[in-house]
Amino acid sequence: MAVTVTLKTLQQQTFKIRMEPDETVRVLKEKIEAEKGKEAFPVSGQKLIYAGKILSDDVPIKEYKIDEKNFVVVMVTKNKTGSGAPVSSPTDAAATSEPTPSLGPMAATVSPLQASPPSEEKPPEESVTVSPLESTVG
């Protein structure tokens, strides 16, 4: 009996793929690549996540008890190791690879900065909260 697996990309695109329960995660990845394209969803770069677990390629789909009402997250990692490819086609590279690297460093840079002001703001709030309590007691 075939099952329908609902998938969702990090770009919030949702799609469904039908497969047999005995087929493996690897087969599902191949079907995703065939439907969505080898450039955008290469089998080697796909990570499938369901219920907080990364699905292993050699495990049959039925082992994960995937519910049709829930979805499997499709994450694609880029395997480009050399920086020569983006330099040779700057227009294409800017459109596809610029947002990802710029978000990573920004998030790493912004997170520590955002983490310190709230901790600096909390002590004055606590002292303001303590002051009315002390005046009420006294």
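Values in this document were obtained by computation on a predicted structure and should not be read as measured data.
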Nearest-0.5 Å distance, [atom1] of residue [X] to [atom2] of residue [Y]:
X: F41; Y: T9; atom1: CZ; atom2: OG1; answer: 5.5 Å
X: E63; Y: D22; atom1: CD; atom2: CG; answer: 9.0 Å
X: M75; Y: I49; atom1: CE; atom2: CD1; answer: 5.0 Å
X: I66; Y: M19; atom1: CD1; atom2: CE; answer: 8.0 Å
X: I32; Y: I17; atom1: CD1; atom2: CD1; answer: 5.0 Å
X: M1; Y: E20; atom1: CE; atom2: CD; answer: 10.0 Å

Is [Y] close to [X] at the side-chain level, that is, under 4.5 Å between some pair of heavy atoms?
X: F71; Y: V5; result: no
X: V25; Y: I61; result: yes
X: L48; Y: Y64; result: no

message = Quick one: does any side-chain atom of T14 pair with a main-chain N or O of K8 as donor and acceptor, under 3.5 Å?
response = no

inquiry  = Among residues at least two apart in sequence or on other chains, which ones pass salt bridge (Lys or Arg N to Asp or Glu O under 4.0 Å) with K47?
reply    = none

For [X] and [Y], work out which heavy atoms get closest and say how close.
X: P60; Y: P21; answer: CB-O, 3.9 Å
X: N70; Y: T6; answer: O-CB, 3.7 Å
X: Y50; Y: L55; answer: CB-CD2, 3.9 Å

ask   = Between V59 and V3, is there a shared hydrophobic cluster once you connect ILVMFWY residues whose side-chain heavy atoms come closer than 4.5 Å?
value = yes

message = Would a single hydrophobic cluster contain both V76 and F15, if residues Ile, Leu, Val, Met, Phe, Trp and Tyr are joined by side-chain heavy-atom contacts under 4.5 Å?
response = yes

query = What salt bridge (Lys or Arg N to Asp or Glu O under 4.0 Å) pairs are there with at least one residue in residues 29-39, not counting sequence neighbours?
reply = E23-K31, R26-E30, K29-D57

